Chemist: 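Dropping the structure in here first, questions after.
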Amino acid sequence: MHDLQLFRSQLDSTAERLASRGFSLDKNAFRAIDVKRRDALTEVERLKADRNERSKDVGARKKAGEDTTDLQTAMRAMGDRIAELEASSEQLDVEFRDMLKGIPNLPHESVPIGKDEHGNVEVRREGAAATMNFAPKPHWDLGVDLGILDFERAAKVTGSRFAVYFGQGAKLERALVNFMLDTHTAEHGYMETLPPFLVNSDSLYGTGQLPKFAEDLFKCEGTDYWLTPTAEVPVTNLLRDETIDAEKLPVKLVAYTPCFRSEAGSHGRDVRGIIRQHQFQKVELVKFAHPEHSYAELDGLTHDAENILRKLELPFRTMALCTGDMGFGSAKTFDIEVWLPGQNSFKEISSCSNYDAFQARRAGIRFRGTKKNEFLHTLNGSGLAIGRTWVAIVENYQQADGSVTVPKVLQPYLNAEQITRQGLLT
RNA sequence: GGAGAGAUGGCUGAGUGGUCUAAAGCAGCGGUUUGCUAAACCGUCGUAGUUCUAAUAGAGCUACCGAGAGUUCGAAUCUCUCUCUCUCCGCCA
């Protein structure tokens, strides 16, 4: 949702900023419907004011013992007229709001201008790929050979784009969850949060997944419950319709959840392995920040996410997304990409975004400022996607004999230094 | 799943058809006075939309008392549906 005043007072520059991210705003249509809607509203409100006054008069006359039958008859007709005008006014309002809902967030001035992912700018690169004197395998071969990953049985139990983990593979997933939660809570100052994994429509609207992206979600039949696509939804909506004290900012929360995505529209992409699944696990960082500090908080959040890769000694690079490649509600986004030797490429493992007041305005999240209550800024980023981290470890730490060395920081969690073949079912 | 009771502003809480333009208290904010870790008194204090005024302020109007629909000239108040909370019963990890 947008700041209406900004659109009205600076329509030209706003349209230019939107154009930089590939969205063309029809300025004439905007002005026309805005004026039409306000005219209709003014007329209805004028009639309502009139009715309120006359109704009061009816009450007064009745009290004085006068006959008000004629007056009431006349006012019934007035009521019908109001209902009629109100319906058309509401129709215009819905039209106007629908148009606003379809407009993406304004990019921050520091975001590089670009059309697509080729316009993204690398801001950091850390770590070096391990030297391997053999051809590195992709995780879908390594994992299956090790007996820790099974796609065929998952397809039988559920369908495509699902996976089953066995033995040390399952434990590696659990170890990563604990390692990430421990690091973010103990070292980065986030509060651990365990939210519901099902969310309602209001929450999805608040963070921007609805109404535009319903086809990306799974819905529970006969209910208003949806499987959460990311912990961003339940966690950000924890403060929906609330006003919190400014001195509590920034509020920093970290949550582990499974995430469910229909992946409509990505048929044929990343079909092999566990890079793109209908269900994946993720540790998510969420911040509620004061508008003056939100960009510094974004840098901090990105650093917190990168720190997981530093500790795991996995090579990565951080990209500032350009205007044309950012998500719908984001004002600025850093993607963290981890190196995958099995695929000889970098792969996104975290996306850290500042939404400015875009989500806060939709969800009604405010803080008590010095003069009046204001919308705060919401931020979030993966810290990290568990499945893709699992992939990165398996591929980067693979040995010539097909086993996988466990990164030092994970050894206490896994209670092992090596992942070896789990032969029970495979 | 069954029975019952509830939902009012940041919080507590009054209000069962017409000055509700929502009482009062607490907390917050501004001020006055007195002065030892404070008290008393005065003022202020919701959100959104919209109109006007030379206007990052003020004055008005409209809507909002869990949500939606209805009855009525007029609804926080009456009716219906739904959601949530609490109590008891049933079931259950």
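Remember, predicted model here, so these are calculated numbers, not experimental data. All values below come from the heavy atoms of this structure, side chains included, with hydrogens, waters and symmetry mates left out. Just so it is clear: chains get the letters A, B, ... in the order the sequence lines come, proteins before strands, and each one is counted from 1.
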Chemist: Might you point out which heavy atoms bring A:Asp145 and A:Arg421 nearest each other, and give the distance in Å?
Modeler: O-NH1, 2.6 Å

Chemist: Between B:U62 and B:A75, how far is it from one P atom to the other, in whole Å?
Modeler: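 B:U62 and B:A75 have their P atoms separated by 13 Å.
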
Chemist: Are OP1 or OP2 of B:U47 and a side-chain N or O of A:Arg366 less than 4.0 angstrom apart?
Modeler: no

Chemist: Determine the Euclidean distance between corresponding P atoms of B:U83 and B:C45; express it in Å to zero decimal places.
Modeler: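 After rounding to an integer number of Å, I get 39 Å for this pair.
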
Chemist: Report the secondary structure of RNA chain B in dot-bracket form, marking unpaired bases with a dot and bases paired to a different strand with |, and treating Watson-Crick or G-U pairs with both distances under 3.5 Å as paired.
Modeler: ((((((((.[[[..)..(.....]]].(((((((...))))))).((((((((...)))))))).[[[[[..)....]]]]])))))))....

Chemist: How far, in whole Å, is B:G6 from B:C80 if one measures between their P atoms?
Modeler: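 Going atom to atom, P in each nucleotide, I get 15 Å.
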
Chemist: For the atom pair OG1 (A:Thr228) and NZ (A:Lys282), what is the distance rounded to the nearest 0.5 Å?
Modeler: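 One gets 8.0 Å once the value is rounded to the nearest 0.5 Å.
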
Chemist: Under 3.5 Å, sequence neighbours excluded: what are the donor-acceptor pairs made by side chains of residues 170-179 of chain A?
Modeler:
| from | atom 1 | to | atom 2 | distance (Å) |
| --- | --- | --- | --- | --- |
| A:Glu173 | OE2 | A:Gln281 | NE2 | 2.7 |

Chemist: When you get a sec, tell me which of B:U50, B:U62, B:U21 is the closest nucleotide to the side chain of A:Lys56?
Modeler: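 Between B:U50, B:U62, B:U21, the one nearest the side chain of A:Lys56 would be B:U21.
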
Chemist: In sequence, state the C-alpha distance, the side-chain angles, and the governing distance for A:Glu263 and A:Arg276, and then conclude on salt bridge (charged side-chain N to carboxylate O under 4.0 Å, His left out).
Modeler: CA-CA 8 Å; A:Glu263 296 297 343; A:Arg276 192 172 299 276; 3.4 Å; yes

Chemist: Give me the distance, rounded to whole Å, that separates B:A14 from B:A7 when you measure between the P atoms they each carry.
Modeler: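 That atom pair is separated by 9 Å.
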
Chemist: Salt bridge between A:Glu53 and A:Lys56, side-chain N to carboxylate O under 4.0 Å?
Modeler: no

Chemist: Would you measure the distance from the C1' atom in B:G1 across to the matching atom in B:G18 and give it in whole Å?
Modeler: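 Comparing C1' positions in B:G1 and B:G18 gives a spacing of 44 Å.
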
Chemist: For A:Leu239 and B:G10, give me the distance from atom CG to atom P, rounded to whole Å.
Modeler: 15 Å

Chemist: Report the C-alpha separation of A:Asp216 and A:Arg261 in whole Å, then their side-chain angles, then the decisive distance to 0.1 Å, and conclude whether the salt bridge (charged side-chain N to carboxylate O under 4.0 Å, His left out) test is met.
Modeler: CA-CA 6 Å; A:Asp216 296 334; A:Arg261 299 182 184 180; over 6 Å; no

Chemist: To the nearest Å, give me how far apart CD (A:Gln5) and C1' (B:A48) are.
Modeler: 12 Å

Chemist: Distance from A:Gln359 atom CD to A:Ile365 atom CD1, nearest 0.5 Å?
Modeler: 7.5 Å

Chemist: Pick the nucleotide of RNA chain B nearest each of A:Arg46 and A:Arg54; which residue has the one closer to the 5' end?
Modeler: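 Result of the comparison: A:Arg46.
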
Chemist: Output yes when at least one side-chain N/O atom of A:Asn52 is less than 4.0 Å from OP1 or OP2 of B:G74, else no.
Modeler: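 For B:G74, neither OP1 nor OP2 has a side-chain N or O of A:Asn52 closer than 4.0 Å.
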
Chemist: Specify the separation, in whole Å, of atom CZ of A:Phe375 and atom P of B:U47.
Modeler: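 Computing the A:Phe375:CZ to B:U47:P distance gives 10 Å.
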
Chemist: Any side-chain N or O of A:Arg38 less than 4.0 Å from the OP1 or OP2 oxygen of B:U51?
Modeler: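 Indeed, a polar side-chain atom of A:Arg38 lies that close.
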
Chemist: Please assess A:Phe375 against A:Phe367 for the test ring pair (Phe, Tyr, Trp, His ring centres under 6.0 Å), listing each intermediate value before the final yes or no.
Modeler: CA-CA 6 Å; A:Phe375 293 114; A:Phe367 70 97; 9.6 Å; no

Chemist: Could you check how far CG of A:Asp50 sits from C1' of B:G60, rounded to whole Å?
Modeler: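 It works out to 15 Å between those atoms.
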
Chemist: When the distance from CG of A:Leu47 to P of B:C61 is rounded to whole Å, what number comes out?
Modeler: 16 Å

Chemist: Return the value, rounded to whole Å, for the distance between atom CG of A:Asp241 and atom P of B:G10.
Modeler: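 Checked: the CG to P distance equals 11 Å.
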
Chemist: For B:A24 versus B:G43, give the span between their P atoms, rounded off to a whole number of Å.
Modeler: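 Nearest-Å result for B:A24 against B:G43 at atom P: 11 Å.
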
Chemist: In terms of side-chain heavy atoms of A:Ala49, which of B:U62, B:U50, B:C73 is nearest?
Modeler: B:U62

Chemist: Would you check if A:Leu314 and A:Ile349 make a side-chain contact, meaning some heavy-atom pair closer than 4.5 Å?
Modeler: no

Chemist: Need to verify one output field. Residue with the more 5' nearest nucleotide on RNA chain B, A:Arg37 or A:Tyr225?
Modeler: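 This one resolves to A:Arg37.
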
Chemist: What is the separation between atom NZ on A:Lys248 and atom C1' on B:G28, rounded to the nearest whole Å?
Modeler: 14 Å

Chemist: Would you measure the distance from the C1' atom in B:A38 across to the matching atom in B:U19 and give it in whole Å?
Modeler: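 B:A38 and B:U19 have their C1' atoms separated by 41 Å.
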
Chemist: Check each of A:His377, A:His108, A:His2 against A:Phe358 using the ring-ring contact (aromatic ring centres under 6.0 Å, His included) test, and report the only one that passes.
Modeler: A:His2

Chemist: What distance, rounded to whole Å, do you find between the two C1' atoms, one in B:A27 and one in B:G46?
Modeler: 15 Å

Chemist: What's the NZ-C1' distance between A:Lys48 and B:U62, to the nearest Å?
Modeler: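 It is 7 Å, rounded to the nearest whole Å.
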
Chemist: So A:Leu410 and A:Tyr397, do their side chains get closer than 4.5 Å, heavy atoms only?
Modeler: no

Chemist: Output the residues of residues 71-83 of chain A in contact with RNA chain B, where contact means a heavy atom of the residue under 4.0 Å from an atom of the strand; sort by number or write none.
Modeler: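 Close to the strand are A:Gln72, A:Met75, A:Arg76.
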
